[in-house]
Amino acid sequence: MSPLEGRALLLRHLQLDEELAPLGIKDDCDKVVKKLEFLALAVDIAGAYIGSDSPSDKALQRYLADYERHRDELLKMDFFRGLLASEKTVWTVWDTTLEKITKENKGLRPDILLTFLAHFKGGIIQNEMFRLASLGMKVVKANLGEEGSEGMPSELQQFLTLVGDKWDDFQYQQGCRVLLRYSLLQRVNSEWAGVTMHGLVRWRAMLNDQSWPLRRWYMVFVLAACYQNIVEEQPEFRRHLVGHLPDIHEDDDQEWEDLLRYQSFIGATLGRIYYNEGRWEEAEKLEMQVVETFKTKLGADHPDTLSSMANLASTYRNQGRWEEAEKLNVQVMETRKAKLGADHPDTLTSMGNLASTYRNQGRWEEAEKLEVQVMETSKTKLGADHPDTLTSIANLASTFWNQGRWEEAEKLEVQVMETRKTKLGADHPDTTSIANLASTFWNQGRWEEAEKLEVQVMETSKTKLGANHPDTLSSMANLASTFWNQGRWEEAEKLEVQVMETSKTKLGADHPDTLSSMANLASTYRNQGRWKEAEKLEVQVMETRKTKLVADHPDTLTSIANLASTFWNQGRWEEAEKLEVQVMETRKTKLGADHPDTLTSMANLASTFWNQGRWEEAEKLEVQVMETSKTKLGANHPDTLTSMSNLAFTWKSQGRHADALTLMENCAQARQRVLGDEHPYTLSSLALVAKWSS
């Protein structure tokens with residue numbers, strides 16, 4: 001029934017005129033109808049029950065309270081049959097229908113299928129769940145040990161039949177057709193087609209589970225679907241899959257407890273799904289359980305224990321919890337060195353992970369030292385063109401890239417790209433190396449070269465992976481960024497809107513990649529002077545990240561800084577300053593006073609002071625940024641040169657013309673050496689020198 005139809009039916013039972021009935025009674029009627037999920041028979045029975053009580057307002061409130069505590073008795077109750085033309089209750093309709101279905105379909109057993117479907121957590125039960133589960137079931141059963149490898153009821157197994165390496169959906173579709181015919185299921189036609197079930201049908205079906213204990217097999221089923229999703233690397237369906245994941249500690253019956261003996265496999269599988277979906281807290285919780293289980297059962301230095309610790313460290317790294325990640329990475333690396341040897345592939349992987357953590361902390365020298373060691377050992381042990389060796393070279397290039405050592409980065413990236421082309425083919429979907437080289441060109445202001453490579457990556461990804469694949473969306477975002485830097489706002493916006501909308505549809509509105517795409521689009525709006533549109537997106541990104549990632553996560557702080565930038569561009573200095581101080585202080589605490597991100601936030605705050613004419617405060621921060629950048633990044637690092645330019649502007653504004661000109665001349669000369677004569681930053685600083693000299 002529609003909400004208004006449900007309300008009208010209840011009011012008739014209460015013998016009240018719809019137009020004259022008090023607003024409070026109408027509201028309570030709406031609550032009852034909503035509680036019964038608009039099922040006509042259930043609303044009619046509730047009306048008979050409530051209508052026999054008085055007064056009406058108290059009767060409605062009493063029914064709502066009773067329903068919370070005594071739902072089963074109310075829906076089974078025969079006492080009011082005589083008041084209803086149908087002479088039926090929800091329970092008798094159910095029993096009659098199920099008896100008929102079972103009798104007419106003895107081999108198919110749609111009644112068992114309905115009971116099983118009632119266990120699903122998500123509102124829509126997609127056909128894809130059954131396809132994935134049928135393909136992953138064999139491996140999952142094997143990992144659950146001998147007890148879990150057999151025993152699935154044949155009545156359920158028939159819906160997971162394989163023909164070769166494909167799911168044969170015939171029995172499943174036949175079972176659904178029977179249930180659809182009796183309106184026990186409703187068909188959902190969407191990108192991921194499936195069925196849905198009314199809440200009261202689900203309630204009654206779950207009561208049937210007492211004779212068919214299928215909770216255990218629901219867990220096995222979901223595990224199989226998760227395992228296969230990981231194997232197929234299928235991100236598009238993953239967010240729908242997450243909606244069906246059970247809480248592995250939700251029940252304490254014996255069958256559930258038996259299954260939890262395999263907690264390490266269950267936790268690792270579900271944890272990987274959460275991790276891939278960017279759900280760090282859920283992933284962390286499961287990964288910690290896996291680590292502790294492995295430590296207890298296998299020992300602290302067992303290879304599986306170390307792998308689980310590495311996974312947990314990766315989750316910490318994604319949460320911006322660098323110290324915790326580093327502690328685990330060091331522990332894993334040292335143990336692997338002792339147990340496996342310094343040149344074992346697993347040891348090299350752990351060294352690479354630790355280097356990545358150093359890189360995220362801006363500890364370039366420590367990262368570089370480890371990466372060179374990994375690269376050289378990989379070349380010796382695995383060969384110069386082994387995939388792991390190429391990855392280690394790419395990682396070292398990334399560290400050079402972050403230090404502004406563009407030529408060294410470019411040399412390594414070209415080497416990786418050419419080797420991968422030779423080994424894998426020019427159209428292999430592993431286009432990462434080409435994208436990395438494009439990024440280096442991008443940072444050198446070589447926009448045309450960057451654009452050419454980015455278009456190549458995007459078109460290859462579309463052809464090989466599909467237009468909606470996350471890697472394709474990433475390549476589109478990179479190309480948009482190149483357009484952005486060239487001032488080609490409309491082209492950038494067009495791509496960014498496409499990336500954002502596709503990400504929302506395929507990954508979900510709160511997925512980290514979706515939020516990044518929204519932030520990129522906001523940046524384009526900001527550069528077009530479309531402040532309100534930029535601010536709206538930035539607030540949305542900031543609030544979602546606060547909720548999903550916590551307030552002091554690096555990505556959350558970046559979104560706060562972006563919003564501050566929009567305020568800054570509108571001349572809303574006080575609002576910008578408040579946010580910038582918050583970002584700066586949090587980064588100092590979380591990352592350290594000399595971390596590159598902290599220095600960026602200090603520079604942003606100095607810029608706000610500068611625009612308010614607060615020269616001394618701006619100068620103090622800018623000197624600190626410049627000196628720290630020289631020490632941490634080097635005198636010729638692009639960020640150091642930017643800090644010199646900023647300070648020169650402040651001195652110019654203070655009337656210190658000679659000092660400003662000298663500093664800008666030094667900056668321009670350094671940019672010529674580091675970035676080249678044609679880089680936009682070089683040209684800008686040379687133009688300022690000429691202007692200030694005249």
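For Gln654, the CD atom sits in a packed shell: over 12 heavy atoms of surrounding residues, nucleotides or ligands are nearer than 6.0 Å. Counting non-hydrogen atoms of other residues, nucleotides and ligands closer than 6.0 Å to CD of Glu334 gives a total above 12. Atom OH of Tyr681 has 12 or fewer heavy atoms from other residues, nucleotides or ligands within 6.0 Å. Counted within 6.0 Å of NZ on Lys494, heavy atoms from surrounding residues, nucleotides or ligands total 12 or fewer; the atom is thus considered open.
For Ser398 (side chain) and Ala394 (main-chain N/O), no donor-acceptor pair under 3.5 Å exists by modelled atom type. In this structure a side-chain-to-backbone donor-acceptor pair under 3.5 Å is present from Ser653 to Phe649. At least one donor-acceptor pair closer than 3.5 Å links the side chain of Arg545 to the backbone N or O of Asp555. Between the side chain of Thr293 and the backbone N or O of Gln289 there is at least one donor-acceptor pair closer than 3.5 Å. Checked by atom type and distance alone, the side chain of His469 never pairs as donor or acceptor with a backbone atom of Glu236 at under 3.5 Å. Side-chain atoms of Thr391 come within 3.5 Å of backbone atoms of Pro387 as a donor-acceptor pair (strictly under, hydrogens ignored). No donor-acceptor pair under 3.5 Å is formed between the side chain of Ser314 and the backbone N or O of Ala310.
Atom CE of Met309 and atom CE of Met333 lie 12.0 Å apart (nearest 0.5 Å). Atom NE2 of His553 is separated from atom CD of Gln319 by 6.5 Å, given to the nearest 0.5 angstrom. Between atom CD of residue Glu622 and atom OG1 of residue Thr650 there is a gap of 3.0 Å, rounded to the nearest 0.5 Å. One finds the CH2 atom of Trp692 at 3.5 Å from the CE atom of Met664 (value rounded to the nearest 0.5 Å). The structure places OG1 of Thr315 at 11.5 Å from CD of Glu281, a figure rounded to the nearest 0.5 Å. Rounded to the nearest 0.5 Å, atoms OG1 (Thr399) and CG (Leu370) are 9.5 Å apart.
Using a 4.5 Å cut-off on side-chain heavy atoms (C-beta onward), Glu617 and Gln612 make no contact. Using a 4.5 Å heavy-atom threshold, the side chains of Asn520 and Met500 count as separate. Between Leu688 and Lys652 there is no side-chain heavy-atom pair separated by less than 4.5 Å. Residues Pro235 and Asn276 fail the side-chain proximity criterion, which asks for heavy atoms closer than 4.5 Å. Side-chain contact between Met351 and Leu348: present, with at least one pair of heavy atoms (C-beta onward) separated by less than 4.5 Å. Side-chain contact between Thr662 and Asn666 is present, with heavy atoms from C-beta onward closer than 4.5 Å. Annotation: side chain of Leu515 is in contact with side chain of Thr544 (closest heavy-atom distance under 4.5 Å).
Shown here for Ala325 and Ala313, the closest heavy-atom pair between the two residues is CB-O, 3.5 Å. Looking at every heavy atom in both residues, Leu312 comes nearest to Glu287 through CA-OE1, 3.5 Å. Heavy atoms only, all atoms of each residue included: Leu557 and Val583 are closest at O-CG2, 3.7 Å. The two atoms that bring Gly267 and Leu286 nearest to each other are O-CB, 3.7 Å, heavy atoms only. Closest approach of Ala635 to Thr640, counting heavy atoms only: O-CG2, 3.7 Å. The two atoms that bring Val290 and Ala268 nearest to each other are CG2-N, 3.4 Å, heavy atoms only.
Residue pairs satisfying the side-chain hydrogen bond (donor to acceptor under 3.5 Å, both in side chains) criterion with at least one member in residues 497-510, sequence neighbours excluded, are listed as follows: Glu191-Lys506, Asp510-Lys548.
For the side chain to side chain contact (heavy atoms under 4.5 Å, CB included) test, residues two or more places apart in sequence or in another chain that qualify with His240 are Gln126, Trp192, Phe237. Tyr525 pairs by the ring pair (Phe, Tyr, Trp, His ring centres under 6.0 Å) definition with nothing, not counting sequence neighbours. With sequence neighbours excluded, the residues forming a salt bridge (Lys or Arg N to Asp or Glu O under 4.0 Å) with Glu619 are Arg656, listed by chain and number. Ala668 is linked by a side chain to side chain contact (heavy atoms under 4.5 Å, CB included) to Ser685, Leu686, Val689, counting only residues two or more places apart in sequence or in another chain. With sequence neighbours excluded, the residues that form a ring pair (Phe, Tyr, Trp, His ring centres under 6.0 Å) with Trp610 are Trp615.
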Verdict with supporting geometry, Arg317 and Asn353, side-chain contact (heavy atoms from CB on, under 4.5 Å): CA-CA 10 Å; Arg317 194 162 58 241; Asn353 291 339; 4.3 Å; yes

Steps toward side-chain contact (heavy atoms from CB on, under 4.5 Å) verdict (Asp513, Ser517): CA-CA 6 Å; Asp513 291 352; Ser517 67; over 6 Å; no

